[in-house]
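Have a look at the structure below, then the notes.
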Amino acid sequence: MPLTLGANALAYPNECRRASFMNALIRFYFALTPRLQAFIILRDGLQCLEYARQADHPYHWLQAASDVQTSLLGGHGRKLVIPELIALLKSIREHLHELAEKHPDFSDKITSACDTIIQYEDDIRQCILPALNFLSEDGLIKAWGNANQKQDFLAHKLNFPQVLPIFWQSLKLQETLAESLQELHSIVMHIDHMLNDFVQWESKTAEEGHAQITPSRDQTYGLLIIGLDTKWVERGIVPDFSGNRLAIRMRFQAWKVGEAQSTVHDDIPYQIMLVPIV
């Protein structure tokens with residue numbers, strides 16, 4: 001796969017600039033290193049948290065807040081994500097320096113991107129404390145987490161079904177957390193766009209719904225991204241991954257209403273991107 005830096009990787013993300021073809025792709029991620037896995041989990045948690053806030057869904061917000069809390073404070077087998085995020089930024093910066101040496105015509109833009117990443121490292125160290133304090137001290141989030149540990153998934157014993165809608169409107173805890181996470185959210189989303197823009201898509205077909213992906217051993221990769229046309233996802237068809245960074249097995253599964261999950265045996269066209277960041 002050719003190693004080329006996409007134009008958008010050197011600028012702030014702008015969805016309007018993405019081609020309609022790319023907008024039609026649903027992206028699925030398979031992390032090839034623990035660091036990228038920690039990043040993807042944090043990104044998903046922050047995205048779900050913001051979606052729940054904007055959509056006015058308190059229970060969704062509580063679940064996402066608890067997930068982000070686990071990433072930031074550790075627990076449930078997860079490492080603390082901030083050291084992993086700082087290390088990821090350093091890895092991206094080192095890779096950009098290598099690209100600048102190979103492509104001197106783009107050296108100025110790449111150097112500017114490196115300067116931005118250095119600033120991100122400082123910003124994260126400065127902005128993370130308010131979010132950590134909120135997530136570790138907020139009684140409502142802690143109470144909901146404790147209820148879930150006791151298999152009380154709606155916190156019935158704490159009367160959450162009755163009081164949560166009122167708390168949501170009156171206490172506005174979602175706005176306080178959003179404000180404390182704003183800088184981190186912006187940085188993570190920008191880094192996510194950069195990771196999605198490091199290399200070009202390559203078209204492939206999963207014959208009878210199966211594919212074997214073997215990354216080149218001449219290059220170290222940290223993330224596999226699969227792009228699938230929306231029409232397949234609308235039919236309930238999604239990829240399932242297994243394996244490791246040396247050999248990834250992908251098979252497509254179908255989700256049908258009222259039926260068990262089943263393996264797809266059709267030929268499925270897809271796009272693939274291996275990201276050389278670890």
Side-chain angles (χ1 to χ4, degrees), residues 12-13 29 31 33-93 116-150 152-153 155 158 160 163-164 167-195 222-223 277-278:
Y12 244 81
Y29 300 81
T33 65
R35 180 177 299 159
L36 267 298
Q37 180 64 30
F39 174 80
I40 293 300
I41 290 174
L42 175 63
R43 182 209 64 187
D44 289 349
L46 291 171
Q47 286 180 328
C48 290
L49 189 67
E50 181 60 16
Y51 169 79
R53 184 185 72 86
Q54 294 186 10
D56 216 26
H57 292 161
Y59 270 112
H60 293 174
W61 183 88
L62 276 174
Q63 182 177 359
S66 181
D67 191 85
V68 172
Q69 178 191 55
T70 302
S71 288
L72 294 178
L73 299 177
H76 303 292
R78 291 190 201 172
K79 295 181 179 180
L80 294 173
V81 74
I82 294 303
E84 298 293 332
L85 180 57
I86 296 295
L88 176 61
L89 290 170
K90 181 180 178 181
S91 178
I92 294 174
R93 186 155 43 85
T116 298
I117 292 174
I118 293 174
Q119 184 62 51
Y120 282 170
E121 295 173 16
D122 293 336
D123 291 344
I124 289 172
R125 294 186 181 97
Q126 295 176 15
C127 76
I128 195 61
L129 187 58
L132 294 178
N133 289 338
F134 186 96
L135 289 169
S136 63
E137 299 296 334
D138 184 76
L140 195 70
I141 294 175
K142 293 170 69 174
W144 189 82
N146 291 335
N148 273 258
Q149 290 179 5
K150 298 173 183 176
D152 182 12
F153 298 112
L158 298 174
F160 267 36
V163 303
L164 186 57
F167 284 175
W168 182 258
Q169 296 299 327
S170 60
L171 300 180
K172 298 292 183 181
L173 69 166
Q174 68 274 22
E175 304 301 336
T176 302
L177 182 57
E179 183 177 349
S180 64
L181 286 173
Q182 182 177 4
E183 188 71 22
L184 179 64
H185 182 276
S186 177
I187 291 171
V188 168
M189 295 308 131
H190 185 204
I191 296 305
D192 180 56
H193 280 272
M194 291 182 71
L195 291 174
L223 185 64
I277 299 294
V278 297

Identify, with sequence neighbours excluded, every residue that meets side chain to side chain donor-acceptor pair (under 3.5 Å) alongside Gln119.
->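 Asp123.
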Applying salt bridge (Lys or Arg N to Asp or Glu O under 4.0 Å), run through Glu50 and Arg53 and close with a yes or a no.
-> CA-CA 5 Å; Glu50 181 60 16; Arg53 184 185 72 86; 2.6 Å; yes
Are [X] and [Y] side-chain neighbours, meaning at least one heavy-atom pair lies under 4.5 Å?
{"X": "Leu164", "Y": "Leu62", "value": "yes"}
{"X": "Ser71", "Y": "Arg78", "value": "yes"}
{"X": "Ser136", "Y": "Leu73", "value": "yes"}
{"X": "Asp152", "Y": "Phe160", "value": "no"}
{"X": "Leu184", "Y": "Leu85", "value": "yes"}
{"X": "Ile277", "Y": "Leu223", "value": "no"}
{"X": "Leu171", "Y": "Thr176", "value": "no"}

Taking atom types as modelled, is there a side-chain donor on Asp56 or Trp61 under 3.5 Å from an acceptor on the other?
->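 Asp56 vs Trp61: no donor-acceptor pair found between side chains.
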In terms of side-chain heavy atoms, does His190 have a donor or acceptor partner in Tyr120 at a distance below 3.5 Å?
->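 Distance-only check passes for His190 and Tyr120.
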Which residue pairs pass the salt bridge (Lys or Arg N to Asp or Glu O under 4.0 Å) test with at least one member in residues 177-191, sequence neighbours excluded?
->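 Pairs touching residues 177-191 that pass the test: none.
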Any chance you could measure [X], atom [atom1], to [Y], atom [atom2], to the nearest 0.5 Å?
{"X": "Gln182", "Y": "Leu46", "atom1": "CD", "atom2": "CG", "result": "12.5 Å"}
{"X": "Leu89", "Y": "Ile124", "atom1": "CG", "atom2": "CD1", "result": "5.0 Å"}
{"X": "Ser91", "Y": "Leu36", "atom1": "OG", "atom2": "CG", "result": "8.0 Å"}
{"X": "His57", "Y": "Tyr51", "atom1": "NE2", "atom2": "OH", "result": "5.5 Å"}
{"X": "Leu49", "Y": "Leu42", "atom1": "CG", "atom2": "CG", "result": "10.5 Å"}

Could you give me the CA-CA distance, side-chain angles and deciding distance for Arg35 and Lys79, then say whether side chain to side chain contact (heavy atoms under 4.5 Å, CB included) is met?
-> CA-CA 9 Å; Arg35 180 177 299 159; Lys79 295 181 179 180; over 6 Å; no
Do Glu121 and Arg93 sit within salt-bridge range, that is, some charged N less than 4.0 Å from a carboxylate O?
->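 Answer for the salt bridge query: yes.
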What's the verdict on side chain to side chain contact (heavy atoms under 4.5 Å, CB included) for Asn146 and Gln149, showing C-alpha distance, side-chain angles and the deciding distance?
-> CA-CA 5 Å; Asn146 291 335; Gln149 290 179 5; 4.2 Å; yes
Would you sort out whether Glu84 and Phe39 count as a side chain to side chain contact (heavy atoms under 4.5 Å, CB included), showing the intermediate values?
-> CA-CA 7 Å; Glu84 298 293 332; Phe39 174 80; over 6 Å; no
Okay, side chain of Gln69, backbone of Leu135: is any donor-acceptor separation there less than 3.5 Å?
->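 The answer is yes, because a donor-acceptor pair under 3.5 Å joins these two groups.
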